[in-house]
2 protein chains.
Amino acid sequence: MASVDRSLVANLPMFAGLAPAEQDELLREARSIRYPKGSAVFDQGAKADHFYLLLHGHLRVEKVTLQGQQSVVRYVSGGELFGVAQAMNLTHYPATAVAAVDSIALAWPSSSWNRLLTKYPSLASSALQTVGSRLQDTQARVLEMSNEQVEQRVAHALLRLAKQAGRKVDAGVEIDFPISRQDVAEMTGTTLHTVSRILSAWEQQGLVEGGRQRIVLRDANRLHVLAEGDEGALNRKPNP
Amino acid sequence: MASVDRSLVANLPMFAGLAPAEQDELLREARSIRYPKGSAVFDQGAKADHFYLLLHGHLRVEKVTLQGQQSVVRYVSGGELFGVAQAMNLTHYPATAVAAVDSIALAWPSSSWNRLLTKYPSLASSALQTVGSRLQDTQARVLEMSNEQVEQRVAHALLRLAKQAGRKVDAGVEIDFPISRQDVAEMTGTTLHTVSRILSAWEQQGLVEGGRQRIVLRDANRLHVLAEGDEGALNRKPNP
DNA sequence: TCGGAAATTTGCGCGAGAGCAAAGAGCGCT
DNA sequence: AGCGCTCTTTGCTCTCGCGCAAATTTCCGA
């Protein structure tokens, strides 16, 4: 197995605050693994025997309930730490991570987590920050689900995806991996039917451009207006 | 200001893995503060200048959106670390913490967080675990909001509250602090009207016992059935 | 002890969006 | 090149639970 060059990862948050020699040492303990599109990095309920850093690609993290309903928890993009179940004292992964496109990740054995933590205290900070910002995102989602209509939630979800994994194209910003209406529905707590209807309507208004597993944001500004619930800013009557 | 006796806190998760001398040292840096019922420990948006350990009481953590809608993020009970914004690299508190009953907390200056982290590496683990289990809870809530009906969500919320802050009474398990229908609504993403209706119905069936800012679970088992969505297990027709 | 504010209960009507059904479109695989 | 599977679109109906309104109860402080 080839070792990973430090220059690829040196400026990721996880490696900030480490001397080059330490970075090399940390890298030497990791294996680099390729995950073809559609394959699982780990499965919900499996023993949490590794933690990972995504080098390249995008993962969809999904979770199924006892009753069998599935939800998309989040997407992981390059440079992010994931699968850190061990750090939260979980023995098993609470969700499944599937490659949305061909991806590459570094894997460390969970068993070395505590040792690494002691050896490189800055790891603790970066893990805390990773988990912390995930907590912020998740709480934001709870607020959205509590207080917003479906249309606003979908707008928020798309804007978040574009920010995290948007690729500029001539027509606007395209989500940089295949994503179905069903996926969006599972991110926003609605049905693929409703998402499809909403996107169709938006497409007619020139807000987005759709396609099979493909979404392009054409007018992020107007989407923001929708997302923030400035209700009817566009179709409000002149004299209320 | 009186110093806090180690015996009060020695077996809390936060102090596990520290030698008694270290525990004393850590305690010496903290101030003990009393928060009368209804007062705020910190406000959403304020500078995150302290982090806390709740010694006694219960706090309600709430968050308002840009549009002014309020939600209850969670309740904090005795022994829990909270207000650790600094640890997640936030400069301001993302929510407000209000004493639901008269409470007492230890406060450390945020500025010493990093120093303490270096000095007591086990702090990192306990903070990670605190934040991690909060993340688990919050994600569970997202799943609930995505996939469950209001009635199931309310059942889940009450069971979680009972587990975290339940007090055994003759009639069942009572939530150990004043909590209004409005509060439950803000935890479950519904309205106080709907919560009131649900609780009234449950009271007639002998599942719960209500009162002003008071909820007693009389039959946790049947509530569990409701929560897990075993739809109509009780009113299902003999021959479907 | 009494007055008033806050919390709770309950009725009624409506609308967002889920559920069901079926047709249409795009892509991969042989 | 063509077949078939998956993804998407769209129509229709029905229901859960929200919004509004008003009565009632409970507690706290003067």
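By convention in this document, chain letters (A, B, ...) are assigned in the order of the sequence lines, proteins followed by strands, and residues within each chain are numbered from 1.
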At a cut-off of 3.5 Å, list every protein nitrogen or oxygen paired with a nitrogen or oxygen from nucleotides 26-30 of chain D, distance to 0.1 Å.
from, atom 1, to, atom 2, distance (Å)
dT26(D), O2, Arg212(B), NH1, 3.0

*asked:* Within this structure, what is the CZ-CG distance for the pair Arg134(A) and Leu81(A), rounded to the nearest 0.5 Å?
replied: 7.0 Å

*salt bridge (Lys or Arg N to Asp or Glu O under 4.0 Å) partners for Arg60(B), two or more places apart*: Glu62(B)

*Which pairs count as side-chain hydrogen bond (donor to acceptor under 3.5 Å, both in side chains) when at least one residue sits in residues 183-192 of chain A, sequence neighbours excluded?*
Ser180(A)-Asp183(A), Gln182(A)-Glu186(A), Thr191(A)-Thr194(A)

*Taking CD1 from Ile198(A) and C1' from dT8(D), how many angstroms apart are they, rounded to a whole number?*
15 Å

*Produce a footprint string for nucleotides 15-23 of chain D: one letter per nucleotide, 5' end first; B if the base is under 4.0 Å from any protein heavy atom, S if only the sugar-phosphate is, - if neither.*
-SSSBBB--

_Arg160(B): side chain to side chain donor-acceptor pair (under 3.5 Å) partners, not counting sequence neighbours_ = Glu144(B)

*Do the side-chain N or O atoms of Ser196(A) get closer than 4.0 angstrom to the phosphate oxygens (OP1, OP2) of dT10(D)?*
no

*Can you tell me how far CZ of Arg153(B) sits from NE2 of His156(B), rounded to the nearest 0.5 angstrom?*
11.5 Å

*Could you give the distance from CG (Leu161(B)) to OH (Tyr75(B)), rounded to the nearest 0.5 Å?*
7.0 Å

*Using the C1' atoms of the five pairs at each end, what is the angle between the end axes of the helix from dT1(C)-dA30(D) to dT30(C)-dA1(D), to 10°?*
50°

_What's the separation between atom CE in Met14(B) and atom CG in Leu106(B), rounded to the nearest 0.5 Å?_
8.0 Å

*Flag, side chain of Ser196(A) to backbone of Leu192(A), donor-acceptor distance under 3.5 Å*: no

*asked:* Among residues 170-181 of chain A, which ones have heavy-atom contacts with DNA chain C below 4.0 Å?
replied: none

*Rounded to the Å, how far apart are Asp183(A) CG and dT8(D) P?*
8 Å

*Only counting residues at least two apart or in another chain, list the ones meeting ring pair (Phe, Tyr, Trp, His ring centres under 6.0 Å) with Tyr93(B).*
Phe42(B)

*Whole angstrom value for the distance that separates C1' of dC27(C) from CZ of Arg214(A)*: 14 Å

*Which part of the nucleic acid does Leu199(B) contact within heavy-atom distance under 4.0 Å: base, sugar-phosphate only, or nothing?*
nothing

*Could you check how far CD of Glu203(B) sits from C1' of dT9(C), rounded to whole Å?*
11 Å

*salt bridge (Lys or Arg N to Asp or Glu O under 4.0 Å) with Arg212(B): which residues, sequence neighbours excluded?*
none

*Does any pair with a residue in residues 182-218 of chain B pass ring-ring contact (aromatic ring centres under 6.0 Å, His included), and if so which ones, sequence neighbours excluded?*
none

_Under the rule for salt bridge (Lys or Arg N to Asp or Glu O under 4.0 Å), what residues qualify as partners of Arg141(A), not counting sequence neighbours?_
none

*For His58(A), which residues count as a ring pair (Phe, Tyr, Trp, His ring centres under 6.0 Å) partner, sequence neighbours excluded?*
Phe177(A)

